[in-house]
Amino acid sequence: MVLVIPVKNNPILPVSNRVKDIESIVNWFEQHQRSLYAIGWFYLGNQRKIEELLYRAILQVHKELPRFKSSISFEMSVLSIFIHICRELSLNKSLQASEESDSHQKIFHELHKLIEKEREVLGLTYIRGLSKEETAQLLQVSSEQVKELLFSGLQSLRNGMGYGEHYHGCNEYQRLYVDYLERNLERPAKIGFEMHIYHCQDCQEDLAALQEVMVGFTEAIEKFRVPDGFIGNIKERVAQRESLIQQKKNKRKRNGIIATSIFALVIFSGVFTGVFSKLYYTWTEENQELRAFLQEDVGERLNLEAESGGVKIKIKSAIADETQTLIFYEIEDSKENNQYMINIDDGVFIENEREIMVANTFPRYFPPDTEMELNNKEKNIYHGKISLRPLKEDTGTVKLKLNKVMKLKRNPSDSYVNMEPEEGEWNFEIPITKQPSTEYALKEDIEIEGVPVRLDKLILAPTATILQYSINNVQTKKRIDMINFKNLEINQKTMNADLYGNSYVHEQPDMNWNNFQAYFEPLFEKETNEVKVQFASAYLSIEDHKTIKLDASKEYPQTFIYAGSTISIDKVEIGQPSTVIFSNHEIKNRAYESLHFNIQTEDNDSSIEGDYKGVIVDKNAKEYDMHKITPKIFEEMEEPRHFFTVQSLKLHGDKVIPKSLDITGYNTTKYLDDVVEIQTELIVKDKAGTR
């Protein structure tokens, strides 16, 4: 009766066909944008913030949930991330109370006043269309609690809307209201309920009032229309980000040729020591990253091969620890001069994954490495690696099945790479030995720009050095959305940060803190008593409210001061659609990079479509058009910042009248040169791996 947006009626493709890469993830969000937009509105209340919500959710899904065995597990995981980001973005309390009497707006105002769990249960059940069992699983409550939250949420919504707040039905029958209105009561219970209702006026009035608010809720949601161009704005942001991603690789200098006499001496002596191992792999392994692992004896050569359609795949080695399992491979095209890579999101299956791998972990994604010297030597050979989940036990055999590889099509004008799928069949059984990791407690409390930050843990794993840290989210006036690091110094060795290695930790033991992990180059040493952390930058959200009245009858442009800068209202025009344009082209010493804002209209019943222009500015104040910048230029820039210069807004509806521009805050990047020295404390784990 009350499933407002019937998303379950849309056919859902199998995950293997649907979730291939970030473009496919964007397409999934586009398919489900109406329900996600409506749920996002409950929390945030304007289009720009919902755009930011979906943008962050897409990136988080791409980073943390690269593959799932069923459409249900993928959908539920996406919604888990989506709801968490909704909560984060709503902490700034920027949703303004509506003074209008329009029932559509009033319902959303009252929804925002509900307790968080009630609001989420209503959104997931009646908008997203999840079953009560799915909603219970997602929110980690029981199905009975979901029913209770549905009733209490609707009752609170009813009271706030004035639909009979003085009606009080019988307690033992109130718990059946929702099931009855949804036609989910079994026949005996339904007959007994209707007999009681027939004789009880209090329950009649109570039930009727609840039904009225459910109808009003349905009508309000049905009025919702996703603004034109909404998902297009998000697609453009994702495309820009992807075009700039190009992992930096620290090129190690190739060792010189060792004298033949030394080699002969080692062989003659029969001492196959670590020194010989290093010399041996220096001569025999071209891949410098894999060579380092082999030289440190944390992996071994495998050389497993399979061929299909003239494409030969060789599994060269597997390096495993408690955080991930790295598979190094080589692909050769024996028929043409093509290069192929393995895309972990498409065509990769681990047949025994549930039996041997840890379920609640998410492997990392590695983009095509076309800059590696080795990948530019032969036009028909590509060297790469993929990340899989860690093993449950110390040893195991991974049954890897591939039915697709990606043909790399390089763009000669820049370093951007397109990929085309090539089908085939390659099967491997890969023996794996898991290497131990060493963990150190840090327990360092610092402040960055006045925001408390904890450096919690250092993990020295064979495949990566990981810094676990937390950001306090209690303060809403100033928040840190992300921290970037430059490097770690351990035992007088420097491990550079992975530019794209920041990840959100799903297990959050304290709701006042958000936990993250930053990845750095691996360190094969396991003992240390001190670590130096070099910070790079922090991306901040600042709450700073200002309301500017808009009047289409006045002449524009008009200016106002915000955050120390002069902003120009260039155009306010009523039409179909109505238009508002504001700008600030002055970049020097500007406090903000982008604004959090909303346009209030006379009837508060319009959708807003936004477009923007901007520039990227480096440390020396040199400006670059963000639409023309190449990845190579971006990587060479020093301390780049992205400034929005023009915001163009279209207000869809019947001659919508804009009344005010409401600014709630802004984002800015602070570059840091802080170095923190921290004493370490070894975390001792027993044989079972517990602390």
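Both backbone and side-chain heavy atoms feed into the values below; hydrogens, waters and symmetry mates do not.
When all heavy atoms of H652 and P577 are compared, the closest pair comes out as ND1-CB, 4.0 Å. Listed here is the closest heavy atom pair of G40 and F82: N-CZ, 4.3 Å. The minimum heavy-atom distance between D456 and S470, with the atom names listed, is OD2-OG, 2.5 Å. Smallest separation of non-hydrogen atoms from E393 and L391: O-CB, 3.3 Å. Closest approach of A538 to I448, counting heavy atoms only: CB-CG2, 4.1 Å. Closest approach of I39 to G123, counting heavy atoms only: CD1-O, 3.7 Å.
Every residue two or more places apart in sequence or in another chain was checked for a ring pair (Phe, Tyr, Trp, His ring centres under 6.0 Å) with Y55, and none qualifies. Residues passing the salt bridge (charged side-chain N to carboxylate O under 4.0 Å, His left out) test with R56 are E52, D481, sequence neighbours excluded.
A heavy-atom distance below 4.5 Å is found between the side chains of M406 and D346. Looking at heavy atoms from C-beta onward, K457 lies in side-chain contact with I459 at the 4.5 angstrom threshold. You'll find the side chain of V451 stays beyond 4.5 Å of the side chain of R479, heavy atoms only. Side-chain contact between F516 and Q468: absent, with no pair of heavy atoms (C-beta onward) separated by less than 4.5 Å. Between H596 and S541, some side-chain heavy-atom pair lies under the 4.5 Å cut-off. Counting only heavy atoms from C-beta outward, the side chains of L54 and F230 approach each other to under 4.5 Å. Looking at V453 and N472, their side chains never come closer than 4.5 Å, going by heavy atoms from C-beta outward. At least one side-chain heavy atom of Q324 sits under 4.5 Å from a side-chain heavy atom of S387.
Ring centroid separation for the pair Y365 and H62 comes in under the 6.0 Å cut-off.
Between the side chains of D544 and Y592, no donor-acceptor pair of N or O atoms lies under 3.5 Å. Side-chain contact of E543 with T664: a donor-acceptor pair under 3.5 Å is absent, judged by distance alone. A side-chain donor-acceptor contact under 3.5 Å links E51 and N233. Side-chain N/O atoms of H545 and D662 include no donor and acceptor closer than 3.5 Å. Looking at S437 and D321, their side chains never bring a donor and an acceptor atom within 3.5 Å of each other.
Atom-to-atom distance recorded for L455:CG and I483:CD1 is 8.0 Å, nearest 0.5 angstrom. Here the CD-NE2 distance, from Q60 to H84, works out to 8.0 Å after rounding to the nearest 0.5 Å. I81 CD1 to C86 SG: the interatomic distance, rounded to the nearest 0.5 Å, is 12.0 Å. The distance from atom CD1 of I432 to atom NZ of K434, rounded to the nearest 0.5 Å, is 11.5 Å. Summarising the geometry, atom CG belonging to L400 is positioned 10.5 Å from atom CZ belonging to F349; distances are rounded to the nearest 0.5 Å. Q647 CD to I599 CD1: the interatomic distance, rounded to the nearest 0.5 Å, is 9.5 Å.
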CA sep, side-chain torsions, deciding dist, call: V26, I234, side chain to side chain contact (heavy atoms under 4.5 Å, CB included): CA-CA 8 Å; V26 172; I234 299 170; 5.6 Å; no
Chi angles and distances behind the salt bridge (Lys or Arg N to Asp or Glu O under 4.0 Å) call for E30, K235: CA-CA 9 Å; E30 182 175 19; K235 284 183 173 180; 2.9 Å; yes
Pair E449-K478, side chain to side chain contact (heavy atoms under 4.5 Å, CB included): steps then yes or no: CA-CA 9 Å; E449 295 294 317; K478 179 189 287 187; 4.1 Å; yes
Residues N667, Y539; criterion side chain to side chain contact (heavy atoms under 4.5 Å, CB included); working and verdict: CA-CA 7 Å; N667 288 114; Y539 191 64; 3.3 Å; yes
Stepwise side chain to side chain contact (heavy atoms under 4.5 Å, CB included) test for L79 and L36: CA-CA 9 Å; L79 290 176; L36 298 177; 4.0 Å; yes
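In this pair, F193 and Y177 present their aromatic rings perpendicular. The plane angle is above 60°, beyond the 30 to 60° band. A tilted orientation is assigned to the rings of Y612 and F644, their planes being inclined by 30° to 60°.
Cation-pi check for K385 over F366 is met; the charged atom lies under 6.0 angstrom from the ring centroid and within 45 degrees of its normal.
Crowding of E23 atom CD: a count of heavy atoms from other residues, nucleotides or ligands under 6.0 Å not exceeding 12. Around atom CD of E423, no more than 12 heavy atoms belonging to other residues, nucleotides or ligands sit under 6.0 Å away. By the neighbour-count criterion of 12 heavy atoms within 6.0 Å, atom NZ of K392 is densely surrounded, having more than that number from other residues, nucleotides or ligands. Counted within 6.0 Å of CD on E355, heavy atoms from surrounding residues, nucleotides or ligands total more than 12; the atom is thus considered enclosed.
Panel note: side chain N514, backbone I471; no donor-acceptor pair is recorded below 3.5 Å. Between the side chain of S152 and the main chain of E148, a donor-acceptor pair closer than 3.5 Å is present. Remark: side-chain polar atoms of Q517 are not paired, donor with acceptor, to backbone N or O of Y469 under 3.5 angstrom.
A salt bridge does not link D611 with K650: none of the charged nitrogens is closer than 4.0 Å to a carboxylate oxygen. Under 4.0 Å is where a charged nitrogen must lie from a carboxylate oxygen, and between R389 and E353 at least one such pair does.
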